[in-house]
Amino acid sequence: MLAYQHAYHAGNFADLHKHLLANTLAEHLLRKESPVTFIDTHAGRGWYPLAARETEQLREYEQGVLPVWQVRDRWLTDAGEPAPGATDKPLARWLARLADMQPESGKGAPSTLSVYPGSPWWLSQALRQGDRLLAYELHPGEIYHFDQAPVQRDSLGKVMRRQQDGLSGLLAAVPVTTPRVAVLIDPSYELKNDYRDVADVVVETLRKSRHATIMIWYPLLPAGRQHDLLERLKKQSPAPMWRSELVIDSPEGDHGMYGSGMLVINPPWQFDRQFSDAMQEVVEVLKGALPAPQSVAVEHKGLWWLTEEVARARSEPKPMPRERLLALRKLNQKVKRDADVEVTQAKPKREKLKRGEGWAKPRVRNDSATPKAKGKRHSATAKPKTSIKAQIKDQVHGHSAPSEKRVSEKPAERKSTSRPEPAQPRGKGEMAGKAAGKDSASWSDWSSSMPGKGRREGSTRVSKRSTPAIGRDGQVNSSSTTKLPRKYAARQRPEDTSDVGKPLDAREARALREKQEHNAMKGKATKGSPDKGQGSKPRGPRKP
């Protein structure tokens, strides 16, 4: 709603409370050299002449800033500057700035209070080179007056005003480009939802900028709607909060504001003490200026709404419950065991792939002087490695010589044993012999070309699947490069007389049987059908 205009209430006790706090907090922040961005969500006009029609209608400044102005001699000199003993008091510095902005300040110490500034003016007076102020205002009439106010003309580009809803503009502005940010939120609270909206925006702002200093003004009403705002922030805010409330009347009644409240989130160090001392001086002035029944109820309350210890404990990560921690440990152990089982099951398969077995394509490697044992490289002078199992076996049986399972230092020094040779594999012996330039090859020659065993010099490992093709007549076609399946890969039968009489393998037996069947079928066809050269007549086409 755009019905509220602050010109009717300019200079009242709420403005005195709010602007004194904003000015004191800005002074604390500007003591450091790092730039600060000030954000005013509800800027208003920024400049209020007390002789205006709206202000003269209610004249609320007579119970706010005017009584303090009338006794300014307690803290100011005749020139309008803080007294020597009051330079460290926030109220004295605040009154000195208020005196400087009066139209008669150029002629000397002003005697009357004719103009009262708004919150944008108080925040913009001490801006330095890197500081800036973002002022938001949605009412079009207030924006027009704000452009004419000195706060916009004398700011030298440090103040930026925007006609926009202040709460949405705040969420869009944070995080800011400067290292620090200070926010003043003072809506009119015309709607009941304003309390909830302010709490939600503040929580979101703290999520984006955790160390932001936020000042929230709220009215003290008999209905107690401000408690909803305070409780929401106390439950959801992760930052320390300090409350300051100025009461000028009893809370009895159906309507009307009996006090002003300010909630400061992330206040500067020792800010609460200095501001409480300043408000005690204001309370003494108001008690002497207000009527007798009302002056009794004037008081200031300052308390920590959320202490720094509680806020720090809330922001720190909470320890995990013991039951949850034990469950996660069991789950991690189970995952680790499953991973170990998978690695154990996959290890034999990887070893087969390394040895050239399984579905892995064997690599063609030239022979070298360095032998290989168990898939690992060893130099010719390296000591043979013996497994722990073989060492225990030698100690139990009393063997002093190395076990037979050990890898010999030199493959050529292997002792021949009387054990029978195993059956020759298919497609290895003869091809290995041919690759070495020999007429024939034995099983020992082929075994020497296998990985992990000694090989003769110059021998080459040949793929099982690249054996020459064998025709139906049983002859080997050496020029063919057809890759046969593994089960059909067989070595060529030797042509010398030393292998005559040896039994045929399955491939040769099958080829011979197919040849015999082919010849038998060919002879039977020749015998059953008369030759064309013997006078036989060819058959004609069959009649339908």
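The model shown is predicted, which means the values in this text are computed figures rather than measured ones.
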Spell out, as yes or no, whether a donor-acceptor pair under 3.5 Å connects the side chain of [X] to the backbone of [Y].
X	Y	result
Ser276	Arg273	no
Glu142	Leu138	no
Arg180	Ser34	yes
Thr112	Ser114	no
Gln5	Ala7	no

Within a 6.0 Å radius of atom [atom1] on [X], are there more than 12 heavy atoms belonging to other residues, nucleotides or ligands?
X	atom1	result
Gln129	CD	no
Arg324	CZ	no
Lys32	NZ	no
Glu33	CD	no

Measuring only between side-chain heavy atoms, which start at C-beta, is [X] closer than 4.5 Å to [Y]?
X	Y	value
Val283	Leu246	yes
Leu20	Phe275	yes
Leu127	Arg132	no
Leu50	Val115	no
Arg329	Asn332	no
Leu206	Ile265	yes
Val202	Leu233	yes
Glu190	Tyr4	yes

Is a salt bridge present between [X] and [Y], judged by a nitrogen-to-oxygen distance below 4.0 Å?
X	Y	result
Glu281	Arg74	no
Lys18	Asp15	yes
Asp228	Arg232	yes

Q | Test ring pair (Phe, Tyr, Trp, His ring centres under 6.0 Å) applied to His19 and Phe13, Trp121, Tyr116, the passing residue | A | Tyr116
Q | Parallel, tilted or perpendicular, as decided by the 30° and 60° cut-offs, for the rings of His17 and His300 | A |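 Perpendicular.
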Q | Mutual orientation of the aromatic rings belonging to Tyr189 and Tyr195 [parallel < 30°, tilted 30-60°, perpendicular > 60°] | A | parallel
Q | From Glu62, Gln57, Gln63, residue fulfilling side-chain hydrogen bond (donor to acceptor under 3.5 Å, both in side chains) relative to Arg59 | A | Glu62
From [X] atom [atom1] to [Y] atom [atom2], the distance as rounded to the nearest 0.5 Å:
X	Y	atom1	atom2	result
Met160	Thr37	CE	OG1	7.5 Å
Leu167	Asp200	CG	CG	10.0 Å
Ile39	Arg162	CD1	CZ	9.0 Å
Asp197	Leu191	CG	CG	8.5 Å
Ile143	Arg45	CD1	CZ	12.0 Å
Leu229	Leu263	CG	CG	7.0 Å

Q: Let me see the working for Leu134 and Phe38 under side chain to side chain contact (heavy atoms under 4.5 Å, CB included), right down to the final yes or no.
A: CA-CA 6 Å; Leu134 296 178; Phe38 294 95; over 6 Å; no
Least distance between heavy atoms, [X] atom then [Y] atom:
X	Y	value
Tyr218	Leu220	CE1-CD2, 3.7 Å
Ala92	Ala86	CB-O, 3.2 Å
Pro240	Trp304	CB-CZ3, 4.1 Å
Val285	Pro67	CG1-O, 3.6 Å
Leu221	Gly256	CD2-O, 3.9 Å
Ala14	Met257	CB-CE, 4.4 Å

Q: Any chance you could lay out the salt bridge (Lys or Arg N to Asp or Glu O under 4.0 Å) test for Lys158 and Asp131, step after step, and finish with the verdict?
A: CA-CA 7 Å; Lys158 300 177 183 178; Asp131 304 331; over 6 Å; no
(Q) Is the terminal nitrogen or CZ of Arg72 (NZ for Lys, CZ for Arg) located under 6.0 angstrom from the six-membered ring centre of Trp69 and within 45° of that ring's axis? (A) yes
(Q) Please evaluate residues Ser124 and Leu133 with respect to the criterion side chain to side chain contact (heavy atoms under 4.5 Å, CB included), reporting the C-alpha separation (whole Å), side-chain torsions for both, the decisive distance (0.1 Å), and the verdict. (A) CA-CA 7 Å; Ser124 64; Leu133 170 64; 3.9 Å; yes
**Q.** All side-chain hydrogen bond (donor to acceptor under 3.5 Å, both in side chains) counterparts of Gln274, not counting sequence neighbours
**A.** His28
Q) Do Phe271 and Thr24 pass the side chain to side chain contact (heavy atoms under 4.5 Å, CB included) test, and can you show the C-alpha distance, the side-chain angles, and the key distance before you say yes or no? A) CA-CA 8 Å; Phe271 167 78; Thr24 307; 3.8 Å; yes
Q: Take Lys234 and Trp305, measure what side chain to side chain contact (heavy atoms under 4.5 Å, CB included) needs, and give me the verdict at the end.
A: CA-CA 7 Å; Lys234 189 175 183 179; Trp305 186 237; 3.3 Å; yes
(Q) The test is salt bridge (Lys or Arg N to Asp or Glu O under 4.0 Å); show your working for Glu308 and Arg312 and say whether it passes. (A) CA-CA 6 Å; Glu308 187 175 357; Arg312 187 185 300 110; 3.2 Å; yes
Do [X] and [Y] have side-chain atoms, one donor and one acceptor, less than 3.5 Å apart?
X	Y	result
Asn23	Arg93	no
Thr213	Asn266	no
Glu56	Tyr8	no

Q | Tyr48/His145 under ring-ring contact (aromatic ring centres under 6.0 Å, His included): CA gap, chis, key distance, verdict | A | CA-CA 9 Å; Tyr48 301 97; His145 292 286; 9.0 Å; no
